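Heads up, the thing below is written out as C-alpha cells.
It should be emphasised that the depicted structure is a prediction, and the values quoted were computed from it without experimental measurement. We count ligands from 1, going down the list as the structure has it; atoms in each ligand are counted the same way.
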Amino acid sequence: MRDIVLATNNQGKLDEARKILLPRGYNVLSLKDVGVINFNPEEIGETFLDNAVLKAKLLLQLIPNSCVFADDSGLEVEALEDRPGVRSARYCEGTDTDRCEKILEEMQGKENRKAAFVCSVAFYCKQVSFALSARCEGEIGTEMKGENGFGYDPIFVRNGKCFGEMTQQEKNKCSHRAGAMLQMANYLDDIVKKGLFLGSFERDVRQ
Ligand code: ITT
C-alpha cells in the first residue's frame with residue numbers, strides 16, 4: 001500500500017478521498033495521522049488550482065520525505081456570476097447550513113439554477129508534482145435536502161437527486177472529487193511504474 005498525505009482539515013473530503021483511492025492501492029493519511037497540527041494556510045489564490053498548489057506545497061515543506069496532495073474545491077453558481085467559487089468555505093460566517101441558506105436566498109426568483117462543483121487537486125513529492133481539475137454539473141435545488149455529505153451537498157442536485165440524499169457510493173460515482181481523484185490515481189500509477197513514487201510515510205519518520 002502506498003501512503004499519500006491529504007492536506008485538509010475537512011473530514012468530508014478526507015472520507016471521500018479514502019473511499020475513492022483505497023481501492024486503487026493508495027492509503028490516504030490525515031494531517032493528524034502524520035502529526036501535523038495547526039495547519040491553516042491562508043488561501044489567497046485566485047483559482048482552485050492556485051489554492052490546491054499552495055496547500056500541497058506548504059505541507060510538503062513540513063514533511064518533505066512524503067507524498068502529499070491537497071484538494072481545493074467549491075461551488076460555482078451561474079446566476080451568481082460563479083459565486084461562491086474559491087470563497088465557498090468562507091462565503092459567510094457560520095455553519096455549512098448558514099451558507100446553504102444564503103445561496104438559496106440569493107437564488108430566490110432566479111430561473112437559471114445551473115451550478116457546478118469544481119475540484120482541483122495538487123500532488124507533490126520530492127521528485128514529481130502535478131495538478132489537475134474536474135467538474136460536476138448540476139443545479140441548485142429550491143430547498144435543503146438530505147442528511148448526507150457536507151458543505152453545499154444539501155442544495156446541489158444532480159440528475160434529479162440531491163447530493164445530500166445520496167450515499168457516499170452514489171456521490172462518488174459522479175462527483176467533482178471522484179473525477180479529480182480518479183485522474184490523480186491514473187497519474188500516480190504512472191509515477192509508480194516509472195519508479196518515482198517515494199514509498200510510505202513510515203520511511204519518512206524512520207529516516
Ligand atoms: P481544507 O482547505 O482544509 O481542505 P476547506 O473546507 O476549507 O478544507 P476549501 O477551501 O477547498 O476546503 O473549500 C471547499 C468548500 O467548498 C467546502 O468547505 C464546502 O463548503 C464546499 N465543497 C467542496 N466540495 C464539496 C462537496 O463535495 N460537497 C459539498 N460542498 C463542497
- Under 3.5 Å, is there a donor-acceptor pair linking the side chains of Asn10 and Thr8? no
- Message: Within the structure, is a non-hydrogen atom of Arg90 found at a distance of less than 4.0 Å from ligand 1?
- Response: no
- Query: Taking only heavy atoms of Glu43, which atoms of ligand 1 are found under 4.0 Å from at least one of them?
  - Reply: 2 (O), 10 (O)
- Task: Evaluate salt bridge (Lys or Arg N to Asp or Glu O under 4.0 Å) for Lys171 paired with Asp15, printing each intermediate quantity in order.
- Result: CA-CA 12 Å; Lys171 183 180 170 188; Asp15 292 343; over 6 Å; no
- Give the numbers and elements of all ligand 1 atoms closer than 4.0 Å to a heavy atom of His176. 24 (N), 25 (C), 26 (C), 27 (O)
- Closest protein heavy atom to atom 5 (P) of ligand 1, given as residue, atom name and distance to 0.1 Å: Lys13 NZ, 3.9 Å
- Message: Measuring from atom CD of Glu43 to atom NZ of Lys55, what distance do you get when rounded to the nearest 0.5 angstrom?
- Response: 3.5 Å
- Query: Taking the inter-plane angle between the rings of Tyr26 and Phe197 on a 0 to 90° scale, is it parallel (under 30°), tilted (30 to 60°) or perpendicular (over 60°)?
  - Reply: tilted
- Item | Criterion salt bridge (charged side-chain N to carboxylate O under 4.0 Å, His left out) against Arg83, the qualifying member of Glu76, Glu106, Glu78 | Glu106
- To the nearest 0.1 Å, how far is atom 6 (O) of ligand 1 from its closest protein heavy atom, and which atom is that? Asn10 ND2, 2.9 Å
- Item | Side chain, backbone, both or neither: Phe150 near ligand 1, heavy atoms under 4.0 Å | both
- Consider every N or O of Asp72 and every N or O of ligand 1, then say whether any pair is closer than 3.5 Å. yes
- Message: I'd like to check which ligand 1 atoms, numbered from 1 as shown, lie under 4.0 Å from a non-hydrogen atom of Ser88.
- Response: 15 (C), 16 (O)
- Please state whether Gly74 comes within less than 4.0 angstrom of ligand 1, counting heavy atoms only. yes
- Query: Is Ser73 close to ligand 1, meaning an N/O of one under 3.5 Å from an N/O of the other?
  - Reply: yes
- Message: Tell me if a side-chain donor or acceptor on Asp96 pairs with a main-chain N or O of Gly151 at a distance below 3.5 Å.
- Response: yes
- When you check the gap from the basic side-chain N to the acidic O, do Asp189 and Lys193 get nearer than 4.0 Å? no
- With the 4.5 Å side-chain cut-off for hydrophobic clustering, are Met166 and Met181 part of the same group? no
- Note on the structure: min-distance protein heavy atom vs atom 7 (O) of ligand 1 -> Ala89 CB, 3.6 Å
- Which of the atoms of ligand 1 are close to Asp153, meaning less than 4.0 Å from one of its heavy atoms? 26 (C), 28 (N), 29 (C)
- Between Val68 and Ala56, the two heavy atoms sitting closest are CG2-O, 3.4 Å
- Note on the structure: Closest to atom 2 (O) of ligand 1 (heavy atoms only, candidates Arg177, Lys55, Arg87) is Lys55
- Task: Report the relative orientation of the aromatic rings in Phe117 and Tyr152; use parallel for angles under 30°, tilted for 30 to 60°, perpendicular for over 60°.
- Result: tilted
- Nearest protein heavy atom to atom 19 (C) of ligand 1, by residue and atom, and its distance? Gly151 CA, 4.0 Å
- re atom 3 (O) of ligand 1, the protein heavy-atom contact at minimum distance is Asn9 N, 2.9 Å
- Query: How long is the span from the CZ atom in Arg18 to the CG atom in Leu6, to the nearest 0.5 Å?
  - Reply: 8.5 Å
- Message: Give me the residue, atom name and distance of the protein heavy atom closest to atom 21 (C) of ligand 1.
- Response: Tyr152 CD1, 3.7 Å
- Query: What atoms of ligand 1 come within less than 4.0 Å of a heavy atom belonging to Lys171?
  - Reply: 26 (C), 27 (O), 28 (N)
- Considering only the protein, which heavy-atom contact is closest to atom 1 (P) of ligand 1, and what is its distance? Thr8 OG1, 3.3 Å
